[in-house]
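As the structure is a computational prediction, the values presented were derived from the model and not from experiment. In the text below, chain A, chain B and the rest are named by the order of the sequence lines, each starting its count at 1.
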Amino acid sequence: MSRLLFAPWKWPLLFLVLSASILCAGKATGQIRISGTVTGPDGKGLPGITVQVKNTTQGAATDPEGKYQLNAALKPGSYILRFSSIGFSPKEVPFQVGDATSYTVNTSLSEDALGLDEVVVTGTSEGTTRKQLGSYISTVKGSDLTKGATGNALAALQGKTAGAQITQNSGDPAGGISVKLRGTNTILGSTDPLYIVDGIIVNNATNRVTNTANTFDGGNFVGTVGQSRMVDINPADIERIEVLNGAAAAAIYGSRANAGVIQIFTKRGSSGAPVVSFSTSFNVNQLRKKLKVNEAPFKFGGPPNIQTQDILDPSLTNTTPVTRYDYQDYIFHTGLGTDNNVSVSGGKDKTKYYASASYLYNQGIVKNTDFQRYSFRINLDQTLSEKLVFKAGLNYINSTANEKPDGNSFFSPLNSITILGNFHNIWARDSVGNLQAVGERGRVNPVSVIEDFKQKQETNRVLANASLKYRPIKNLAFDYTLGIDNYSQRGSTFMPPYAYNVSNAFFGGGPTLDATQNGYSSAATNIFFQINHEINGTYNWDISEDLGSTTQIGYSEQYEKNQYTLAQGRGLAPFIETVNSASTILPSADARSEISISGAYIQENLKYKNQLFVTGALRMDGSSVFGKNERNQLYVKASGSYVLSETEYWKEGKVSKWWSLMKLRMAYGESGNLTAIGAYDRFNSYTSNAFNGKISLTGNPTLANINVAPELQKELEMGTDIAFIDNRISLQFNYYIKRVDQLLLNRIIAPTTGYSNYKNNLGSLQNKGFEVVLNAIPIHKKDFQWNATAIFNRNRNKALKIGQALTLFNTNGGAPVAILEGYPIGVFYGTFFARDANGNYLTNDKGIPQMEKGIQNSPLSYTPQRDANGLPTGTTLRRIIGDPNPDFTASLTNEFSYKGLDVRIQLDAVRGNNVFNADFKTRQGVGNGVVAQQEDLGEIPRGYIAGVYNIEEWRIDDGSFIKLREVYIGYRLGPIKGFSDLTFSLSGRNLISWDHYKGYDPEINAAGQSAILRGIDFGAIPAPRTFSVGIAAKF
Amino acid sequence: MKRSFKYISGILLLTMLLFSISCKKDFTDPSAVRDDQAFTSPQAVTGIAVGLQKKYSTNRAGTYYNIVAANGFTTYELLLLNQGNLPETQLNTGGGSVDGTNTILGNVWTASNKIIFDADNIINYTKTLGDKGYASGLLAYTSIFKALSIGTMSMFWPEVPVGIGQNVGFMDRQEGFKLAIAVLDTAINAVAANAISAKFLTNIPVGIDIPNTLLALKARYALYLGNYDLALATANSVDLTKKSVFNFDPVFLNPIFETATSTNNVFQPIDSTLGLPVGIQPDLNDKRVPFYTSINTSIAPRFRINGFGAANLTPIPIYLPGEMILIKAECYARKHDVDNGLKALNLVVTKLPSADLYGVGAALPEIIGPIAEGDLLTQIYRNRCIEMYMFGLKLEDERRFGRPLAERKRNLFPYPFAERDNNPNTPPDPSF
């Protein structure tokens, strides 16, 4: 262990020793000053442009006016000054240093819509320009992430990068977010990409430190619900994000790269006077859409308190007058929030720094829920010598959330009102102030959930990175990076003993208010530690004037450990919130795991002129989670690109006048996946629970394979980058086909084998699709500019082999999620309406639709049967009834700027997907929904809901939507007394959704970040509509 | 040039050096015991055996709850309270609505086979134990759950698996009862050869009287097989003064209470008829009705679960003394000894709650003979249904006594899809 952790430290030490000798060898140099102004195509000064003396470590950045000043120790001679920034083509300006001590270099930069000359570092250590890449890598500027009224970096990324489907699964203030790059890549694991922040492999796990008892979900397959830990990253600290969509780009990340890689770079300081930036915003979060509720003035059967469920019992025909309530007005409210950031950056000579502090507070749209995050960061760049640069970064985050139980139980805020006929006066109290039971079925009164439940979690996290870059000679560089991610996440739940009859299943004491059962408390902790080391060497070799070579070799090591502990109990002593007050201690948990991964790669890059680029790489690595014989895996990558527009004949031809860029590219890559298997999943084992005070061991229902291997992805990508009219119109197109073999599956096996499931490399799946990114600058004048970006993504996912015809999951929300060979992962497979020859619902003599019956020949083939009355007969039939995977997703962003006014409008669309709307059914069954109102009022036959209630197709809903995702209006005053820059802004998020969905919002998933359970609406809170007013200032 | 080669070879060396100190990759799970480790420790194996009792008797996914629910809905014992509980609703509707997706049946099938799988491993392990008293206890205790699992499958499906393995074959359900009896016999002989050691008994939950339970189950399955001599002799050998129960703790609750009684959202007793048709409904004075049901006058439904699902820690008997007496009565009747049959039946009919180990007693006047053999059998059936209400045994009784099909919603159940889709030897589903 200690060897593992500390051995790589020896290498930086070695570098230090080496560098010391170099320092001694340095020659005396003079201090000079270089200053100037950098302007854009419109003649205005450009802020934030990096100015660097090439091949040295001397650099600065321009201020909001476009001015820069750089103090450097340079010997007389010729130098090149390099100006660069995202969105502009970099420029190199030669200059001479003579006897003078100050020099002026002014320049102007042209825009680079596709960022082809931008340096991309993900997947390489030294960085390469986008022009050379054979695969598609997208870059998102940090400034685009802070205009969308969200404090979550991943939410901010929605609609901004091609090939990504980013879904906010829950509208809780720290609700989890799924990022899916080019489709579903795994079934058992997380299909979220690998996240790297400043070289630290950052954990994005969802740990259930709240919502802890397994009975919360009835012991069913519930998915991955809760906060995903990327919520800890403050978007205001982000300089840029690079997104690698698949194996073709990410192959050198080896076993971790199946789902793509997202690399985040935080802001760093630059030489010059300190810049203090301050921003603050005030946010308002609202429920975007309220559902209509049943307003019938009576109910069937007796009074609510003795017969709450009426609709589903068609034999009840008598009615009782009732008052109907709208409980939505009670559980939802307008949440307020604020997001504050302050940063100081600057530097002098050899030291640069960036330091920031932020405070985010947001109330949820459900009463008594909120999220708060403190974040502190310091990034330091220190030039140790001409040849040695040291960088370090430290980020401390403290986040706390007040929560309510998540959707998947009937005592979550939304489900507690969904499962309740809306004719109970839930606020009624008896003479001593106790709440009353809601009906006779032991359900939880929503007032208890909102007012009495206390569910909290807190995370303390440190992200630290350090790196050394050493350039012993020209063209050779070594770098070493160390990353540490360490957090502790604590959660507590307190459900006080109920004063009324609540079922045991909901942690009540039943009708007798059994004190040994009534109430629930839990405390859980998850402690995570991760350390990664990476060492790379890069050698550039100009073989001839036209032919260049870059060789890279690298080694990396990663170790992580996790410990999850849970204490819980029920039957609480009055007033005490902690677990020790429980009279019945429920099973505790103490799960510990360790994983290590190590690997090496070699990559060779050849370029011919500035036109033809070829790259090849090999990566070998292994992880401790796999069988001994499967530890070492070899991954291959090859890519090439050809920039036709750089060739002589193109440049000289007429076409170049209007067709400014033509690039063709192709890439192939392989990668693996680690997330589908836990640290010890390859062992068959027994776990312990005390039973009647004796040791009891329970075998795993899943048969494991000791020789399990990683999933292997092979991706082929082809694409082109095209631009016209000085890059004012540009198009990027990618086509990809990727296949995952050795897919890990937990397939169902015959119980007569002694197990229910078998987990092994049993299957394969495929994703293919294309991405189109269209950029246009329709208007480009000095005072007015209009930029438009459209992104279109289409992905077709298919299970190729799953070892059996059908795998059907029993899920918590009742969603019949299935995997069938030849169909997309996670389709809904279930019972459906019987239809007549014209495709209309077949109804019985009362006009009630029927469930289809007949003979099921195979999972996908059936023969309906009719009895003498023409009604369905035989066994219940099933077919694919819906698909949560969209036909396509698209985004359209328009940006306008007029003098100091900036307007940004982003529309996101998802089309052709289904949502399993479990709540819709429940609302009708318990009588609070609009269909129930129709049945109450006799507009549809009595018994209609009972008749269709268990037809799963009834719950399939249209998930397509177009959303007005982000609107930003900013006004920049520029330098004004006391400020070097001042901007006022107004922004909004999720403002309007155009959809036909019967619930709140089709963009939801009660199963959280699960890869396979998608599009399930079961009590999850919809994403709020957010308005934000902000001020940003620089001093 | 030469210089750069020197550097490149330097990098290569560095990398190779790093590989040589490559990190540790063999981690073991501190929070579980691997199966190859488990079967080296008598305590661990005993723990696995206790796990079988937990799997059989507790939880909504365990065998017991699902037997009671499947049998109860099918034989009109139970009232469905919520259509939203799909598997319960399917069984309540019966006929073709019950299909291979039914999780209640799936749970019975899966839990039974898992128990048999673990039990086989435990029974094999007992042969290696030196402590014969411990070994006989472990074998006998484990055999109870293995026999119950084989017997349960034999009550519900037309054919049952011959054992555990890949693509196992199936045998007639009668062969299943024979296998269950064989398992019990092995255990009975082992206990006879080496009495169960106290050391073993301290490691398992209190409540189960192992020797009497082995005999009682053997009597039950012998009756189902129609081997009346064996059933009668075995029932006679059961000591009816000994209790034998599944006990529960505050974490692993009585499964009927946990899922049905406390929620009032799954099922309750159908009513005071206990699901019996006109003519053989319980006598209005039958004290067993108030034992098994309670009445809620204010909130629907009126009849509520009582008896062995009354509270979270209520123990559930594995067999009742009444069942043993009724086995005797039936055996006499089947052997045309009507007098002894009626005598035995009357022991049950007149039994006072206070005189029963568990408080189950009809406390009715005795049935005065003479009685025709057919009528006697009908009365025995009636009393079995009342005495063992919600015990999961009624479907087998209905078939054995040739009750009309209208009194049940299915004869036997379809095989779970998990088995059908993955084992080509799965027999065809019964039509009803």
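Residues A/R592 and B/D29 are not paired through a salt bridge, judged by the lack of any N-O separation under 4.0 Å between the basic side chain and the carboxylate.
Each of A/P587, A/G301, A/G814, A/A679 has some count of heavy-atom pairs under 4.5 Å with chain B, and the biggest count is that of A/P587. Between chain B and the residues A/R878, A/R747, A/K628, the most heavy-atom pairs under 4.5 angstrom are made by A/R878. Between chain B and the residues A/T698, A/I595, A/T687, A/N475, the largest count of heavy-atom pairs under 4.5 Å involves A/I595. Comparing A/A805, A/S623, A/G693, A/S688 by heavy-atom pairs within less than 4.5 Å of chain B, the highest count is held by A/S623. Between chain A and the residues B/I204, B/T261, B/N296, B/D429, the largest count of heavy-atom pairs under 4.5 Å involves B/I204. Interface summary for chain B: among A/A946, A/G439, A/G508, the most heavy-atom pairs under 4.5 angstrom belong to A/A946. Highest contact tally toward chain B, considering only A/G622, A/A589, A/G510, is held by A/G622 [criterion: heavy-atom pairs under 4.5 Å].
Neither the backbone nor the side chain of A/Q563 has a heavy atom closer than 4.5 Å to any heavy atom of chain B. The part of B/N203 that comes within reach of chain A is its backbone (N, CA, C, O), which places non-hydrogen atoms under 4.5 angstrom from that chain. Heavy atoms closer than 4.5 Å to chain B are found in the side chain of A/Q517, but not in its backbone. For chain B, the nearby part of A/A690 is the backbone; its heavy atoms alone come within less than 4.5 Å. Residue A/T807: no heavy atom, backbone or side chain, is found under 4.5 Å from chain B. In this structure, the portions of B/L81 lying under 4.5 Å from any heavy atom of chain A include both its backbone and its side chain. Only the backbone of A/P701 has a heavy atom closer than 4.5 Å to any heavy atom of chain B. Using a 4.5 Å cut-off between heavy atoms, B/N312 touches chain A through its side chain atoms alone. Residue contact with chain B, scored on non-hydrogen atoms closer than 4.5 Å, involves the backbone and the side chain of A/E440 alike. For A/S593, no part sits under 4.5 Å from any heavy atom of chain B, backbone or side chain. Both the backbone and the side chain of B/A418 come within contact range of chain A, each with at least one heavy atom under 4.5 Å from a heavy atom of that chain. Heavy-atom distances place no part of B/K55 under 4.5 Å from chain A, backbone and side chain included. Using a 4.5 Å cut-off between heavy atoms, B/T101 touches chain A through its side chain atoms alone. Only the side chain of B/S57 comes within contact range of chain A, with heavy atoms under 4.5 Å apart. For chain B, the nearby part of A/N700 is the backbone; its heavy atoms alone come within less than 4.5 Å. Proximity to chain B is limited to the backbone of A/I749, based on heavy atoms less than 4.5 angstrom apart. Using a 4.5 Å cut-off between heavy atoms, A/N684 touches chain B through backbone and side chain atoms alike. Both the backbone and the side chain of B/A44 come within less than 4.5 Å of a heavy atom in chain A. With a threshold of 4.5 angstrom between heavy atoms, B/T259 does not approach chain A through any atom at all. Contact annotation for B/N247: both backbone and side-chain heavy atoms come within less than 4.5 Å of a heavy atom of chain A. In this structure, the portions of A/Y686 lying under 4.5 Å from any heavy atom of chain B include both its backbone and its side chain. Proximity to chain A is limited to the side chain of B/F39, based on heavy atoms less than 4.5 angstrom apart.
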Item to check | side-chain contact (heavy atoms from CB on, under 4.5 Å) between B/T89 and A/N950, intermediate numbers included | outcome: CA-CA 9 Å; B/T89 304; A/N950 284 326; 3.8 Å; yes
Next on the checklist: A/I695 vs B/T46, test: side-chain contact (heavy atoms from CB on, under 4.5 Å). Steps then yes/no.
Outcome noted: CA-CA 8 Å; A/I695 293 169; B/T46 309; over 6 Å; no
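Within a 6.0 Å radius of CG in B/L80, other residues, nucleotides and ligands contribute more than 12 heavy atoms.
In terms of heavy-atom proximity, A/R682 sits nearest to B/F27 at NH2-O, 4.5 Å. When every heavy atom of A/A591 is checked against every heavy atom of B/S31, the shortest pair comes out as CA-OG, 4.1 Å. Nearest heavy-atom pair across A/P751 and B/N113 is O-CB, 3.2 Å. Pairing each heavy atom of B/S262 with each of A/N504, the nearest pair is OG-CB, 3.0 Å.
A/K694 places a side-chain N or O within donor-acceptor distance of the main-chain N or O of B/T202, the cut-off being under 3.5 Å.
Between A/S756 and B/W109, every side-chain heavy-atom pair lies at or beyond the 4.5 Å cut-off. A heavy-atom distance below 4.5 Å is not found between the side chains of B/V98 and A/T876. Side-chain contact check for B/F252 versus A/N689: some heavy-atom pair is nearer than 4.5 Å. Looking at heavy atoms from C-beta onward, A/I748 lies in side-chain contact with B/N422 at the 4.5 angstrom threshold. Annotation: side chain of A/T584 is in contact with side chain of B/V251 (closest heavy-atom distance under 4.5 Å). Between A/S696 and B/Q53, the closest side-chain pair of non-hydrogen atoms is not below 4.5 Å. At least one side-chain heavy atom of B/T58 sits under 4.5 Å from a side-chain heavy atom of A/F691.
Atom CG of A/N692 sits about 9.0 Å away from atom CD1 of B/I208, to the nearest 0.5 Å. Distance check, rounded to the nearest 0.5 Å: CG of B/D249 to CD1 of A/I585 gives 12.5 Å. Here the CZ-CD distance, from A/F683 to B/Q37, works out to 9.0 Å after rounding to the nearest 0.5 Å. Atom CG in B/L86 sits 10.5 Å away from atom OH in A/Y949 (nearest 0.5 Å). Atom-to-atom distance recorded for A/T753:OG1 and B/N167:CG is 10.0 Å, nearest 0.5 angstrom.
Annotation: B/F117 is in aromatic contact with A/Y755 [ring centroid separation under 6.0 Å].
Residues B/N264 and A/R441 bring no donor and acceptor atom of their side chains to less than 3.5 Å of each other.
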